[in-house]
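What follows is one structure encoded as structure tokens, with my remarks underneath.
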Amino acid sequence: MKKILTSIALVAACSVTALAADKKDPRLELMKDMRTMMDAMEQIQRGGLYSSSEEMKLGVKKLQGTLKSLESEQVKVILPKDQVYAYKFAQKTAGLLHMYSNDLLESVQNGRMDDALDDYSQLLKQCTSCHIRIRSW
């Protein structure tokens with residue numbers, strides 16, 4: 001009898017866990033994307049410092065893969081409710097990140113590492129600008 005009850009309890013616990021996994025918290029997903037963006041920026045910087053164009057390209061690819069979260073409606077769950085411009089600002093920032101990261105790729109492909117590092121600097125300015133304004137740092 002104990003084995004049957006234990007089995008039922010185990011199945012119930014697994015079912016609850018599976019249901020909880022289906023309902024992902026959008027805040028957690030967005031924060032995960034933010035961490036990925038930070039990792040991408042570090043990868044781009046590391047590639048620039050070690051003259052590794054491949055490392056820089058991989059970092060840009062990683063960064064661009066996360067920008068869709070800034071452009072989506074879901075980003076509103078992490079933005080301050082009292083700042084009416086926050087959503088439009090996040091979208092504008094995402095557009096600028098796309099533009100500068102595409103320019104960085106072009107600079108790397110054409111062997112202009114100085115320009116690529118300038119583009120990296122612009123990317124970092126966009127990140128910082130958003131964090132200062134939106135997160136009130």
Side-chain angles (χ1 to χ4, degrees):
M1 186 68 177
K2 281 186 177 182
K3 288 182 182 181
I4 293 173
L5 289 176
T6 304
S7 297
I8 292 172
L10 183 60
V11 169
C14 288
S15 298
V16 169
T17 304
L19 287 174
D22 287 344
K23 298 179 182 180
K24 292 181 181 176
D25 183 357
R27 293 179 62 87
L28 294 177
E29 291 297 311
L30 287 164
M31 298 313 292
K32 180 182 169 192
D33 281 349
M34 291 291 168
R35 281 189 299 278
T36 302
M37 287 179 200
M38 183 180 70
D39 291 342
M41 292 297 290
E42 290 173 350
Q43 188 171 11
I44 295 167
Q45 181 182 24
R46 190 171 42 254
L49 292 173
Y50 289 106
S51 299
S52 171
S53 58
E54 279 307 308
E55 186 83 9
M56 293 179 83
K57 290 177 187 177
L58 290 172
V60 168
K61 183 178 179 181
K62 186 187 295 186
L63 176 69
Q64 289 182 340
T66 60
L67 292 179
K68 62 186 173 288
S69 65
L70 288 180
E71 298 165 332
S72 74
E73 291 279 323
Q74 277 190 326
V75 76
K76 290 181 178 180
V77 300
I78 64 168
L79 296 174
K81 305 292 184 232
D82 62 334
Q83 296 179 14
V84 294
Y85 69 92
Y87 177 63
K88 287 187 180 200
F89 187 77
Q91 287 193 313
K92 179 182 174 187
T93 299
L96 290 170
L97 288 170
H98 267 294
M99 182 184 73
Y100 288 126
S101 61
N102 285 333
D103 196 43
L104 190 150
L105 278 178
E106 183 181 324
S107 296
V108 168
Q109 289 169 346
N110 293 322
R112 297 188 322 261
M113 289 304 270
D114 286 346
D115 289 344
L117 292 174
D118 285 342
D119 292 323
Y120 172 80
S121 177
Q122 291 298 325
L123 287 170
L124 190 57
K125 284 181 183 180
Q126 294 309 309
C127 297
T128 305
S129 173
C130 191
H131 283 244
I132 288 171
R133 289 190 175 118
I134 302 297
R135 298 174 86 181
S136 301
W137 284 4

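Only this structure's heavy atoms are used, side chains among them; waters, hydrogens and symmetry mates stay out.
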All salt bridge (charged side-chain N to carboxylate O under 4.0 Å, His left out) counterparts of Lys57, not counting sequence neighbours: Glu54
For Asp114, does the CG atom sit with more than 12 other heavy atoms under 6.0 Å from it, leaving out its own atoms? no
Side chains of Asn102 and Gln64, heavy atoms from C-beta outward: is any pair under 4.5 Å? yes
With a 4.5 Å cut-off on side-chain heavy atoms, are Leu63 and Leu123 touching? yes
From Asp118 atom CG to Leu104 atom CG, the distance as rounded to the nearest 0.5 Å: 10.0 Å
Approximate separation, where rounding is to 0.5 Å, of Ser101 OG and Tyr120 OH: 13.0 Å
Residues passing the side-chain contact (heavy atoms from CB on, under 4.5 Å) test with Leu58, sequence neighbours excluded, are Gln43
Ser107 OG to Met56 CE distance, which is reported to the nearest 0.5 Å: 8.5 Å
Taken to the nearest 0.5 Å, the spacing of His131 NE2 from Met34 CE works out to 5.5 Å
At what distance, to the nearest 0.5 angstrom, does CD of Gln122 lie from CG of Leu96? 9.0 Å
Which residue pairs satisfy the salt bridge (Lys or Arg N to Asp or Glu O under 4.0 Å) criterion with at least one member in residues 88-113, sequence neighbours excluded? Arg112-Asp115
Out of curiosity, does Ile44 fall in the hydrophobic cluster containing Met99 (side-chain heavy atoms, cut-off under 4.5 Å, transitive links)? yes
I'd like to know if the side chain of Glu71 and the backbone of Gln91 have a donor-acceptor N/O pair within less than 3.5 Å. no
Give the minimum heavy-atom separation between Met113 and Gly48, together with the two atoms involved. CE-CA, 4.4 Å
For the hydrophobic clusters of this structure (ILVMFWY residues joined by side-chain heavy atoms under 4.5 Å, transitively), does one cluster hold both Val60 and Met38? no
Taking the side chain as C-beta and beyond, is there a heavy-atom pair between Leu67 and Leu70 under 4.5 Å? yes
Would you indicate whether the side-chain heavy atoms of Gln126 and Tyr100 approach each other to under 4.5 Å? yes
For Tyr87 versus Ser72, what's the shortest heavy-atom pair and its separation? CE1-O, 3.4 Å
Atom pair NZ/CG of Lys125 and Leu97 - distance to nearest 0.5 Å: 13.5 Å
Are Met31 and Met41 connected in a single hydrophobic cluster, I mean Ile/Leu/Val/Met/Phe/Trp/Tyr linked by side-chain heavy atoms less than 4.5 Å apart? yes
